[in-house]
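To start, the structure itself, in structure tokens.
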Amino acid sequence: MPLQIGHTHIELISANMTADAAVAPPRAGSAWKSAGTDGDPVSDGPDAQERHVTIDASRGADAPPELVQLLTPEGERLDHPDYHIELTDDEVRGLYRDLVLVRRVDLEAVALQRQGELGIWASLLGQEAAQIGSGRALTDRDMAFPTYREHGVAWCRNVDPVKLLGLFRGVNHGGWDPTEHNFHLYTIVIGSQTLHATGYAMGVQRDGADAAVIAYFGDGATSQGDVNESFIWASVNNAPIVFFCQNNQWAISEPLERQTRIPLYRRASGFGFPGLRVDGNDVFACLAVTRKALEDARSGQGPTLIEAFTYRMGAHTTSDDPTRYRLASELEAWKLKDPIERVKAYLFKNQIAGQDFFDAVDEEAKALGRDVRRRCLEMPDPNPLAIFDHVYAEPHALIDEERAQYAAYLSSFEGEGR
Amino acid sequence: MKTATLTMARSINEGLRRAMEEDPKVLIMGEDVGKLGGVFRVTDGLQKDFGEDRVIDTPLAESGIIGTAIGMAIRGYRPVCEIQFDGFVFPAANQIITQLAKMPMRSLGALRLPVVVRVPCGGGIGAVEHHSESPESYFTHTAGLRVMACANPLDAYTMIQQAIRLDDPVIFFEPKRRYWEKAEIDLGMDLREAWPVDRAKVVREGTDVTVLAYGPMVKTVLDAAAAAEGEGRSLEVVDLRSLNPLDTETVFRSVRKTGRCVVAHEAPTYSGFGAELAARITEHCFYSLEAPVLRACGFSTPYPPSRLEEHYLPDLDRVLDAVDRSFGW
Ligand SMILES: Cc1ncc(C[n+]2csc(CCOP(=O)(O)OP(=O)(O)O)c2C)c(N)n1
Ligand SMILES: [Mg+2]
């Protein structure tokens, strides 16, 4: 296959993914699991139910017992002794609107990638409730440190969706001012941002500020040294931070059981702070637990680990082909737990919103999609000499020399249509 | 003869397969190397054929991958680790630099660590940041590691097998933008007849100027040489293949013959591998040189967003520009 330089590489990669779809294989990890039970230190720790949660193929299609849930997939409201939340009708409608709009932005971005306008895109499909719920729990003073998938949180932090596209289109490495939105740049090197968030929280603590920090990361990231170190730093410093892990069950092709043998939220206790698991597809519960954890952080009670139990409904990124490693039935089971449908059902059942409202949100979503597309296409390619900008705070002789040389080199082609 | 037309990615896959068939101690470790076959499909099908004990989908932790590979090697295994992208070798840097590189010497040779660390490297595929880096100099600067880069499917097939057989740790760079280039490979070839693993290769003979390259830049430089021929200039192209150890004999012989030298690599110019080459050539070929050794390399900046990478990466024109400058000296 001829290599095309530029933004079409994704096609190359996906074209190289031949169509050999996954045939029902034994679950990865089963072999070493049986081999490892001998003298396994955790074998009499977690009960069978928890083992089941981490290794069953349906992966949480049945809610595990410790899951905080306030809104069932059918749209029934539940109470929870520790996580009570009162939401006005307006607030519920607002959450619904957020969920629908970020899904629309995401779908538009996937389409833009397919059309070659973005190099790659990491879809949040299925994780809207985890992101909107936690994002809406933040105050303006709180600071968020995202991975590369937190488009819903970015929305809550008022980052223009088009600005998210810059990195994926390849016109910049970031695109927004983190200090303006209290939303840090996306971090691609898995887990690194959890330490930045912890250090930021230690600064907040020293400033005596009424603010907290939230660090986002995935299930796969929990294996990284940086993430484990951040747990220790946060714990021994009693830092005002919430660790928000979106357990979407997969780290590219690796299922959760390649990273852990106990539910992830339970890791927190070993580090010395509370952990809990929330239904990551339940926007009410995500809002409630995150709000509480942030309040605890602000009031000097230290970190909390929240494991939002959710599912990556799409491919890892647009370059990925999940049919190679996971079963379609798993996706089907999770579709029944869709984060948006349950809010819609709740709004309907309780006559908080009628068809007019849903139609209006859909219209707004369409318009937003169109707007994002138009402004994405208008995004100019950067000036080549921007390569030399912002490398150092002060003028730098070598960079200045290379910039001047390259400018002269480029001008030597002028008139040649380069 | 069992020949096949293979991409570079597939050639490495076949090389790994053959190494695993020949030595039951050879293991593969990395993120997504199992069922997915790696994000570039280099390990495609190997877990299916060799099992989960020999092709290990590791937890998502590069330091862990290299650290446990070291333990496996102490125990007599020959792990081949995949780092998913160049930018993610850095979380493993501690294990590579402080442990993997130094433990054999520290044990007075009692321990050998035949660990191969495969790193897809370089830019040109329009990727987001940390997916286009050329980190070779960090490792050539670390004594105790062998560092090599393949540039074509045949070398990829033989070099990966030779690397696995070596008792030293090897950082094995695979130019990702060349993964899809094809060549005819004799899969049954006797490795003893393959080009020696630490020898450079003159891949195009010429008389006017020596151009040194490795990995992804070899093809660029060959294209430049073809273009230069039309203008009456004869470029000799040397594919270094191994950066440590370095085949200075081949390099010096070529430079003494042509009297001029240009180095091309994607990594930043400043403190890049070209600096070592220039210093060594100056020291040993001083009286043969008509011009200083010049470099056509990446800028001394972070790798830019992908829409600018064609500016960052030295291309045919930048190589020829350096050649021109050498002649204009
Ligand atoms: C240090 C590092 N290693 C490898 C990668 C390549 N990579 C990108 S995403 C990913 C999986 C991440 O899984 P998870 O933490 O569960 O987050 P998710 O993508 O599911 O949101 C990997 C291995 C990376 N970006 N950084
Ligand atoms: Mg995940």
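All values derive from a computational prediction rather than experimental measurement. Throughout, a chain's letter reflects where its sequence line sits, starting with A, and its residues are numbered from 1.
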Approximate separation, where rounding is to 0.5 Å, of A:Tyr406 OH and B:Phe299 CZ: 5.0 Å

Contact leader toward chain A among B:Ala61, B:Gly37, B:Gly123, where contacts are heavy-atom pairs under 4.5 Å: B:Ala61

Atom OH of B:Tyr138 with >12 non-hydrogen neighbours under 6.0 angstrom: no

Contact check, side chains of B:Pro302 and A:Val391, non-hydrogen atoms, under 4.5 Å: yes

Expected output: side-chain A:His173 to main-chain B:Tyr303 donor-acceptor under 3.5 Å: yes

Point-to-point distance, once rounded to the nearest 0.5 Å, from CZ of A:Phe388 to OG of B:Ser300: 8.5 Å

Non-neighbouring partners of A:His316 that pass side chain to side chain donor-acceptor pair (under 3.5 Å), sequence neighbours left out: A:Arg149

Salt bridge B:Asp44-A:Arg324, side-chain N to carboxylate O under 4.0 Å: yes

Side chain proximity check, B:Arg307 to A:Asn172, heavy atoms < 4.5 angstrom: no

Side chain / backbone / both / neither for A:Ile190 at chain B, heavy atoms under 4.5 Å: side chain

Residue part contacting chain A, namely of B:Asp32, when any heavy atom lies under 4.5 Å: both

Within residues 386-399 of chain A or reaching into it, pairs that qualify as salt bridge (Lys or Arg N to Asp or Glu O under 4.0 Å) - sequence neighbours excluded: A:Asp389-A:Arg403

Under 4.5 Å from a heavy atom of chain B, the part of A:Val189 involved: both

B:Leu60 CG to A:Asp219 CG distance, which is reported to the nearest 0.5 Å: 9.0 Å

Side chain proximity check, B:Phe88 to A:Ile188, heavy atoms < 4.5 angstrom: yes

Stepwise side chain to side chain contact (heavy atoms under 4.5 Å, CB included) check, B:Thr301 with A:Tyr392: CA-CA 10 Å; B:Thr301 66; A:Tyr392 299 96; over 6 Å; no

From OH (B:Tyr270) to CG (A:Leu398), nearest 0.5 Å: 7.0 Å

Residue pair A:Leu410, B:His311: steps toward the side chain to side chain contact (heavy atoms under 4.5 Å, CB included) verdict: CA-CA 9 Å; A:Leu410 282 180; B:His311 289 281; 4.1 Å; yes

A:Tyr186 and B:Glu129, any side-chain heavy atoms less than 4.5 Å apart: no

A:Asp226, part contacting chain B, at a heavy-atom distance under 4.5 Å: neither

Between CG on residue A:Asp320 and CG on residue B:Leu36, distance to nearest 0.5 Å: 6.5 Å

Validation row: B:Asp317, A:Tyr409 side chains within 4.5 angstrom (heavy atoms): yes

Side chain / backbone / both / neither for A:Ile252 at chain B, heavy atoms under 4.5 Å: both

Nearest-0.5 Å distance that lies between atom CZ in B:Phe90 and atom OG in A:Ser192: 12.0 Å

Contact check, side chains of B:Lys35 and A:Glu254, non-hydrogen atoms, under 4.5 Å: no

A:Ile399 versus chain B, the contacting section by heavy-atom distance below 4.5 Å: side chain

Options A:His396, A:Gln259, A:Gln405, ranked by heavy-atom pairs under 4.5 Å with chain B, top entry: A:Gln259

